[in-house]
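Throughout, a chain's letter reflects where its sequence line sits, starting with A, and its residues are numbered from 1.
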There are 2 protein chains.
Amino acid sequence: MADTALFLEHLRAETIKDHASSTPLYLRVQRGIEQAIDSGLVEVSDALPAERELAAQLGVSRVTVRNAVRALVKKGILIQRHGAGTFVASREAPRPQPLASFSEDMRTRGISTNSIWLNRSTGLPSPEECEALEIMPDQLVSRLYRLRFANGKPMCLEHAVLLATILPDPNVIESSLYAWLDAHDRRPTRAIQVVSAQLADASQAHLLSVPTGSACLHVRRRSYLSINKLYKLYKIRITTERALKDEPAPPVDANDKILIERDRPIEFVRAYYRGDLYEHVSELHY
Amino acid sequence: MADTALFLEHLRAETIKDHASSTPLYLRVQRGIEQAIDSGLVEVSDALPAERELAAQLGVSRVTVRNAVRALVKKGILIQRHGAGTFVASREAPRPQPLASFSEDMRTRGISTNSIWLNRSTGLPSPEECEALEIMPDQLVSRLYRLRFANGKPMCLEHAVLLATILPDPNVIESSLYAWLDAHDRRPTRAIQVVSAQLADASQAHLLSVPTGSACLHVRRRSYLSINKLYKLYKIRITTERALKDEPAPPVDANDKILIERDRPIEFVRAYYRGDLYEHVSELHY
DNA sequence: CAGTGGTCTAGACCACTTC
DNA sequence: AAGTGGTCTAGACCACTGT
């Protein structure tokens with residue numbers, strides 16, 4: 001290690017910093033180690049001080065250190081080898097692809113984006129949408145239909161459908177749907193995509209400014225909100241409604257049902273990308 | 001819960017079972033809980049006994065119980081809610097897509113597969129392959145080129161390149177490459193895929209039995225082997241060589257280099273799928 | 001052999017949920 | 001107020017690695 005003393009000093013400072021705040025100790029240690037690596041204080045291939053040593057130097061228990069290290073190992077930033085030590089992993093190695101929105105995806109590729117709205121409305125779902133969103137036919141949905149541009153070129157024809165309970169009014173979306181969802185703490189945590197190759201039909205080709213019969217990538221995506229976030233949103237809604245309408249609390253059963261389900265689909269997207277301009281990246285695990 | 005006493009009894013039995021073996025205690029507890037859920041002993045929406053209660057009943061510490069539960073929560077089988085309890089998650093909810101081989105992928109879709117070899121050889125890598133596999137131009141690679149059929153129809157034109165150190169002789173592969181890799185403990189643990197839409201050119205179209213200009217899905221995949229497995233394979237190779245040739249151990253530096261890198265690409269695949277027969281599924285996380 | 005991470009115990013207090 | 005999971009401590013022994 002380049003300078004163990006300096007590393008420990010930084011870590012101690014970082015660990016003490018939010019002492020008054022409610023940030024858990026192991027998260028502060030974790031962030032301290034992460035920052036030390038990012039700032040180059042410890043370099044790739046360096047061994048971290050032993051867990052017992054770290055614990056002693058920071059004045060915390062070894063369990064707490066292990067808690068912090070475990071998260072960083074899962075992130076791929078550290079590598080532990082039984083009997084040998086804990087090492088800083090190489091930085092060049094690929095990291096998992098996060099669930100990014102179209103705009104974010106393009107931004108990371110260094111491409112500017114804009115879009116024009118073809119339709120925004122709220123209404124009843126089609127049978128296909130009912131199945132995709134796991135809802136009954138009388139539950140309202142919001143629709144966003146637009147043509148997206150990348151670096152000024154038409155790139156993608158996108159049709160998004162969301163639960164109206166998640167997005168009550170589609171007209172509030174300015175350019176980035178996910179930015180709005182983020183701001184309202186209801187951004188999907190997980191998505192399943194099905195990608196297939198198709199030939200553009202006449203109307204798609206016209207909108208995308210390509211010849212009919214060009215190759216295009218058809219992406220269908222179902223996005224899920226984690227049970228925890230859903231529950232929190234649900235609780236908030238219930239409380240607010242009760243406060244407003246002076247109604248009694250809902251029956252416990254209804255509550256229980258929601259608690260125990262897993263992630264719930266909140267968004268269903270169909271998109272047609274120009275085959276000459278877009279490639280879809282995905283990561284698989286064994 | 002249907003029958004707490006029965007659940008605890010099962011769990012106690014499962015926990016004690018491999019007492020003599022070296023299986024860690026928390027893994028035995030974990031497996032016990034998992035089996036109880038799979039066998040229907042506890043049902044969806046049931047709350048598990050409290051962690052302290054479980055620990056007391058099993059005669060283990062609460063930390064050990066938490067260790068077991070944490071893994072099951074990560075797997076999506078259990079859901080924990082602060083202050084409320086630990087619940088069995090719904091089983092219908094979708095589970096993440098594992099990294100499957102073509103044959104496995106098709107089998108889960110209920111489709112039979114076969115293939116004909118177009119070429120199998122070992123040789124020096126092209127510049128593109130060097131970059132994809134992160135190797136020098138003098139390091140040998142094995143190539144597998146074949147036409148794959150699904151339910152008797154030509155489905156996919158696949159060109160796979162692997163490090164010769166991983167697959168020394170491509171002719172040993174009968175039908176499933178991944179089955180062989182599995183048997184030799186060198187199956188990739190992770191892969192990154194890039195999917196794009198293209199029109200089939202004349203030779204591709206001919207092999208796939210579709211008209212020239214049909215939509216096809218072009219998939220490029222880099223598959224990685226985890227650092228741990230790599231290290232174990234490497235160590236084994238070193239030891240064997242030493243035993244055979246009576247050579248001294250390799251210099252420590254070479255060893256160290258390998259230890260600290262992350263996952264390493266061992267396979268590079270280019271495949272062209274018929275757009276009318278294949279859809280690519282992927283999952284994203286936030 | 002000494003040093004490391006991996007597992008385990010028996011406590012404790014805090015934050016949150018439920019009633 | 002009682003019960004739950006979330007965090008934390010101060011120990012202990014085992015299995016593995018390096019030399």
Side-chain angles (χ1 to χ4, degrees), chain A residues 1 15 18-30 46-56 58-73 78-87 228 231-232 234-236 238-239 248-253 255-256 258-260, chain B residues 1 15 18-30 47-56 58-73 78-87 228 231-232 234-235 238-239 248-253 255-256 258-260:
Chain A
M1 153 118 36
T15 305
D18 297 320
H19 186 53
S21 93
S22 59
T23 313
L25 187 49
Y26 74 94
L27 285 180
R28 304 208 296 268
V29 175
Q30 178 181 334
D46 276 353
L48 250 52
E51 294 175 350
R52 290 167 182 80
E53 175 70 13
L54 268 180
L58 296 179
V60 305
S61 83
R62 188 180 159 210
V63 177
T64 303
V65 171
R66 279 185 68 76
N67 233 324
V69 168
R70 191 203 312 134
L72 295 175
V73 168
L78 295 179
I79 291 172
Q80 283 189 304
R81 288 209 307 111
H82 193 168
T86 303
F87 304 89
N228 275 329
Y231 178 66
K232 277 170 192 166
Y234 185 73
K235 264 210 327 188
I236 290 167
I238 295 291
T239 337
V252 183
D253 284 352
N255 227 334
D256 279 347
I258 282 215
L259 298 191
I260 292 130
Chain B
M1 152 113 40
T15 305
D18 297 321
H19 186 53
S21 93
S22 59
T23 312
L25 187 48
Y26 74 94
L27 286 179
R28 303 208 295 269
V29 174
Q30 176 181 334
L48 251 51
E51 294 175 351
R52 289 168 183 77
E53 174 71 13
L54 268 180
L58 296 179
V60 305
S61 82
R62 190 182 157 209
V63 177
T64 302
V65 172
R66 279 185 67 75
N67 232 325
V69 169
R70 190 204 312 136
L72 295 175
V73 168
L78 294 179
I79 291 172
Q80 282 189 305
R81 288 209 308 109
H82 193 167
T86 303
F87 304 89
N228 275 330
Y231 178 66
K232 277 170 191 163
Y234 184 74
K235 265 211 323 189
I238 294 291
T239 336
V252 183
D253 284 351
N255 227 335
D256 280 346
I258 283 217
L259 298 190
I260 292 133

Student: Output all residues satisfying side chain to side chain contact (heavy atoms under 4.5 Å, CB included) with A/Ala71, sequence neighbours left out; order by chain, then residue number.
Tutor: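 Result, side chain to side chain contact (heavy atoms under 4.5 Å, CB included) vs A/Ala71: A/Gln30.
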Student: If the condition is side chain to side chain contact (heavy atoms under 4.5 Å, CB included), which residues does B/Val73 pass it with, not counting sequence neighbours?
Tutor: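 In terms of side chain to side chain contact (heavy atoms under 4.5 Å, CB included), with neighbours along the sequence ignored, B/Val73 is linked to B/Val69, B/Leu78, B/Gln80.
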Student: Rounded to whole angstroms, how far apart are CZ on A/Phe87 and P on D/dC16?
Tutor: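 In whole Å, D/dC16 P and A/Phe87 CZ are 17 Å from each other.
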Student: Could you pull out all residues at least two apart from A/Arg70 that satisfy side chain to side chain donor-acceptor pair (under 3.5 Å)?
Tutor: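 A/Arg70: side chain to side chain donor-acceptor pair (under 3.5 Å) contacts with A/Asn67.
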Student: Tell me the interatomic distance from B/Arg52, atom CZ, to C/dC13, atom C1', rounded to whole angstroms.
Tutor: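 Taking atom C1' of C/dC13 as the reference, CZ of B/Arg52 is at 10 Å.
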Student: Return the minimal non-hydrogen interatomic distance between A/Val29 and A/Ala68, and the atom names on each side.
Tutor: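 The answer is CG1-CB, 3.8 Å.
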Student: Is A/Thr86 near enough to C/dT4 that one of its side-chain N or O atoms lies under 4.0 angstrom from OP1 or OP2?
Tutor: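 Result: no.
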Student: Enter the distance from B/Leu54:CG to B/Arg62:CZ here, rounded to the nearest 0.5 Å.
Tutor: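 Rounded to the nearest 0.5 Å, the CG-CZ separation comes to 11.0 Å.
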Student: Kindly write out the residues that satisfy side chain to side chain contact (heavy atoms under 4.5 Å, CB included) with A/Ala84, not counting sequence neighbours, or none if the list is empty.
Tutor: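 For A/Ala84, the residues satisfying side chain to side chain contact (heavy atoms under 4.5 Å, CB included) (neighbours in sequence not counted) are A/Arg81, A/Phe87.
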Student: Provide, to the nearest angstrom, the distance between the CG atom belonging to B/Leu48 and the P atom belonging to D/dG3.
Tutor: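 B/Leu48 atom CG is separated from D/dG3 atom P by 18 Å.
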Student: Please list, for nucleotides 7-10 of chain C, all pairs of protein and nucleotide N/O atoms separated by less than 3.5 Å.
Tutor:
{"unit_1": "C/dT7", "atom_1": "OP1", "unit_2": "B/Tyr26", "atom_2": "OH", "d": "2.9"}
{"unit_1": "C/dC8", "atom_1": "OP1", "unit_2": "B/Leu25", "atom_2": "N", "d": "2.2"}
{"unit_1": "C/dC8", "atom_1": "OP2", "unit_2": "B/Leu25", "atom_2": "N", "d": "3.4"}
{"unit_1": "C/dC8", "atom_1": "OP2", "unit_2": "B/Tyr26", "atom_2": "N", "d": "3.0"}
{"unit_1": "C/dT9", "atom_1": "OP2", "unit_2": "B/Ser61", "atom_2": "N", "d": "2.8"}
{"unit_1": "C/dT9", "atom_1": "OP2", "unit_2": "B/Ser61", "atom_2": "OG", "d": "3.0"}
{"unit_1": "C/dT9", "atom_1": "OP2", "unit_2": "B/Thr64", "atom_2": "OG1", "d": "2.5"}

Student: Which angle, rounded to 10°, do you find between the first-five-pair axis and the last-five-pair axis of the helix from C/dC1-D/dG18 to C/dT18-D/dA1?
Tutor: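 The angle separating the two end axes equals 10°.
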Student: Measure CD1/A/Ile79 against P/C/dT4 and give the value in whole Å, please.
Tutor: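 It is 19 Å, rounded to the nearest whole Å.
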Student: Can you tell me how far apart OG1 (A/Thr15) and CG (A/Leu27) are? Round to the nearest 0.5 Å.
Tutor: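 The distance works out to 11.5 Å.
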Student: Roughly how far, to the nearest 0.5 Å, is the CG atom of B/Leu48 from the CG atom of B/Leu72?
Tutor: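 Between B/Leu72 CG and B/Leu48 CG, I get 9.0 Å after rounding to 0.5 Å.
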Student: Donor-acceptor pair, distance only, cut-off 3.5 Å: does the side chain of A/Arg66 make one with the backbone of A/Glu51?
Tutor: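 No: the side chain of A/Arg66 does not pair with the backbone of A/Glu51.
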Student: Determine: side-chain N/O of A/Gln80 to OP1/OP2 of C/dT4, distance under 4.0 Å, yes or no.
Tutor: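 For C/dT4, neither OP1 nor OP2 has a side-chain N or O of A/Gln80 closer than 4.0 Å.
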Student: Can you check nucleotides 1-3 of chain C for protein contacts, nitrogen or oxygen pairs under 3.5 Å, and list what you find?
Tutor:
{"unit_1": "C/dG3", "atom_1": "N2", "unit_2": "A/Gly83", "atom_2": "O", "d": "2.8"}

Student: Specify the separation, in whole Å, of atom CD of A/Glu53 and atom P of C/dG5.
Tutor: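 Taking CD of A/Glu53 and P of C/dG5, I get 11 Å after rounding.
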Student: Side chains of B/Thr86 and B/Ile79: closer than 4.5 Å at any heavy-atom pair?
Tutor: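 A side-chain contact under 4.5 Å is absent here.
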